[in-house]
Amino acid sequence: MFICIHLWQIAAMDDLHTVADFRKAARRKLDPVAWDYFASGSDNQRAKRRNRAAWDEIELQPRVLIDVATVDTSTTVLGLALPWPALVAPLAYQMLAHPQGELATARACADAGIPMIVSTMANVDLETVAQATAAPKWFQLYCHRDRGITQDLVQRAQAAGYQALIITVDAPVLGRRIADERNRFELPPGLTRANLARYEKPGANAAGGSHLSDLFRTRQDASLTWRDIDWLRGLTSLPILLKGVLRADDAARAVDAGCAGVIVSNHGGRQLDAAIATARALPGVAKAVQGRAAVLVDGGIEWGADMLRALALGANAVLIGRPVLWGLAVGGQAGVSRVLGMYAEDFSRAMQLAGCTNLADTRGLA
Ligand SMILES: Cc1cc2nc3c(=O)[nH]c(=O)nc-3n(C[C@H](O)[C@H](O)[C@H](O)COP(=O)(O)O)c2cc1C
């Protein structure tokens, strides 16, 4: 029975050729409240749209008459070998997309050789996701007002074998997701914030509005500063990357503070709706970092050509966000595998078309 469903899912996915195809298919399959939670940006959803539009506007100048019969798409980020320059972004609540949630994503990532960044807000606890595959994974941390919880999460991630810590710094408070407010979004019965369950007191969250915004208001630390980054560095030997950096001066400061990398991100347009498009912020950040740390970028990256654009503008690799959720919703592990496979093929083709034999050749295209 399971095998039949699996084969049927794979056959149905044969007709899906682009991220947009997967998005449409996912929308048909998902509960409308879950769709709204996954798809929404904040406020007027301008930052989300700007992210996509900004990639489209970047024109590259391909080289010709280069032997691209075989191209090497591989790279290394913080000592991690990647078959092509991408990681899967931290994405909360993946069991809203598929009953196997984060476990399906972890297995598809392991098959593709692409590291998964596991969210603090996962539906499966970080230890169980770590054990699902032997593949390298990173952990994303939301800093809690209760420093004991934050410290425990960091130590649990290190003990479970995660290889880097991503600290999300663009969410001192939650951006306003209007659809979630209208839907009074909350996790359906049976799903939990598995990493945090052990710290939660029964009945702690107030009713009304969006459950997630209540959670942020009561739990997240809006007073987080650079001094806390020093504190976090003292807690762990793992490399630390800051996610949500959009300014050259912040990027330089992160490197000076000993961070191993920055992720140029506006949270997929889910936080400050006026935030600059990531494609436009990236060149300044890369210039400020000057190769002293890893520079990653996310937000609206849907094509191999977008990955090429990101590398041409100075990124070492990209993060793939919502498209992974669309794959997960459509076909579980097989769906995520298909989506990742699509990016791998598309990126390789884009490199050939641009006359790049390896990633170093992507510099100078923009
Ligand atoms: C449904 C959803 C959940 C997310 N959860 C988290 C999270 O738990 N932690 C985090 O740092 N970022 C989170 N993000 C932001 C992503 O990591 C990433 O920055 C963003 O999705 C990239 O944009 P894209 O979706 O256009 O690719 C989430 C984004 C979405 C859409």
Side-chain angles (χ1 to χ4, degrees), residues 19-20 22-23 26 30 33-42 45 47-55 86-98 101-102 105 115-124 126 129 138-144 153 164-172 174-175 177 179-180 185 187 193-196 210 212 215-216 219-220 224 241-246 262-272 275 277-279 281-282 296-303 306-307 310 315 317-329 339-340 343:
V19 167
F22 271 89
R23 181 167 47 237
L30 283 166
V33 172
W35 162 263
D36 279 347
Y37 169 68
F38 288 152
S40 283
S42 56
Q45 322 219 34
K48 181 185 156 188
R49 278 188 223 126
R50 264 201 305 281
N51 278 347
R52 183 59 244 148
W55 293 117
L87 297 91
V88 166
L91 298 159
Y93 297 166
Q94 295 188 19
M95 283 172 86
L96 287 175
H98 189 272
E102 287 81 2
T105 304
M116 172 182 184
I117 308 178
V118 177
S119 168
T120 293
M121 300 294 206
N123 291 132
V124 181
L126 65 94
V129 184
W138 292 358
F139 182 69
Q140 176 268 328
L141 178 75
Y142 279 125
C143 284
H144 284 59
L153 283 167
L165 195 64
I166 310 301
I167 303 172
T168 299
V169 292
D170 60 10
L174 195 72
R177 325 252 168 92
D180 290 350
F185 172 70
L187 281 178
R193 286 174 300 280
N195 288 321
L196 306 179
S210 145
L212 198 59
L215 190 80
F216 260 72
R219 291 295 192 88
Q220 291 310 116
L224 198 75
L241 293 90
L242 301 189
K243 176 171 180 283
V245 171
L246 292 168
V262 292
I263 303 176
V264 178
S265 174
N266 56 27
H267 218 108
R270 289 160 78 84
Q271 289 296 106
L272 178 69
T278 51
L282 174 60
L296 309 182
V297 64
D298 71 18
I301 293 173
E302 297 194 353
W303 300 94
D306 297 333
M307 296 177 59
V318 306
L319 265 49
I320 304 171
R322 291 180 184 87
V324 168
L325 298 172
W326 309 148
L328 186 62
V339 166
L340 294 179
Y343 276 92

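As the structure lists them, so they are numbered: ligands from 1, and atoms in each ligand from 1. Just the heavy atoms: all of them, side chains too, but no hydrogens, waters or symmetry mates, feed the values below.
Side-chain atoms of Asn123 come within 3.5 Å of backbone atoms of Met95 as a donor-acceptor pair (strictly under, hydrogens ignored). At least one donor-acceptor pair under 3.5 Å links the side chain of Glu102 to the backbone N or O of Gln94. The closest donor-acceptor contact from the side chain of Thr168 to the backbone of Tyr142 lies at 3.5 Å or more, if one exists at all. In this structure a side-chain-to-backbone donor-acceptor pair under 3.5 Å is missing from Arg49 to Gly269.
Residue contact check: Thr168 has heavy atoms under 4.0 Å from atoms 10 (C), 11 (O) of ligand 1. Every atom of ligand 1 is numbered from 1 in the order shown, and the set under 4.0 Å from a heavy atom of Phe38 is 1 (C), 31 (C). Atoms of ligand 1 found under 4.0 Å from any heavy atom of Tyr37, numbered from 1 in the order shown, are 1 (C), 3 (C). Here is the list of ligand 1 atoms found below 4.0 Å of a heavy atom in Ser265: 19 (O). Short contacts between ligand 1 and Arg322, defined as distances under 4.0 Å to a heavy atom of the residue, involve ligand atoms 24 (P), 25 (O), 26 (O), 27 (O), 31 (C). Heavy-atom contacts of Ser119 reach the following atoms of ligand 1: 7 (C), 8 (O) (cutoff under 4.0 Å).
Counting only heavy atoms of the protein, atom 7 (C) of ligand 1 lies nearest to Tyr142 OH, 3.2 Å. In this structure, atom 12 (N) of ligand 1 lies nearest to the protein heavy atom Lys243 NZ, 2.9 Å. What sits closest to atom 18 (C) of ligand 1 on the protein, heavy atoms only, is Asp298 OD2, 3.2 Å. Shortest contact from atom 4 (C) of ligand 1 to any protein heavy atom: Ala92 N, 3.6 Å. The protein heavy-atom contact nearest to atom 14 (N) of ligand 1 is Pro90 O, 3.4 Å.
Salt bridge absent: Arg270 and Asp170 never bring a charged side-chain N and a carboxylate O closer than 4.0 Å.
Only the side chain of Arg270 comes within contact range of ligand 1, with a heavy atom under 4.0 Å; no backbone atom does.
Ligand 1 is approached by Leu91 to a heavy-atom distance shorter than 4.0 Å. At least one heavy atom of Leu325 sits less than 4.0 Å from an atom of ligand 1. Ligand 1 has no atom lying under 4.0 Å from any heavy atom of Tyr93.
For the side chain to side chain contact (heavy atoms under 4.5 Å, CB included) test with Leu296, the passing option among Ile117, Leu282, Leu241 is Leu241; the others fail.
In terms of heavy-atom proximity, Asn51 sits nearest to Gly300 at CB-N, 4.4 Å. Across Tyr343 and Ile301, no two heavy atoms sit closer than the pair OH-O, 2.7 Å.
At a cut-off of 3.5 Å, with distance as the only test, no side-chain donor of Asn195 or Thr120 sits close to an acceptor on the other residue. Judged purely by distance below 3.5 Å, without hydrogens or angles, the side chains of Gln271 and Arg177 pair a donor atom with an acceptor atom.
For atom 26 (O) of ligand 1, the nearest non-hydrogen atom from the set Gly321, Gly300, Gly268 comes from Gly300.
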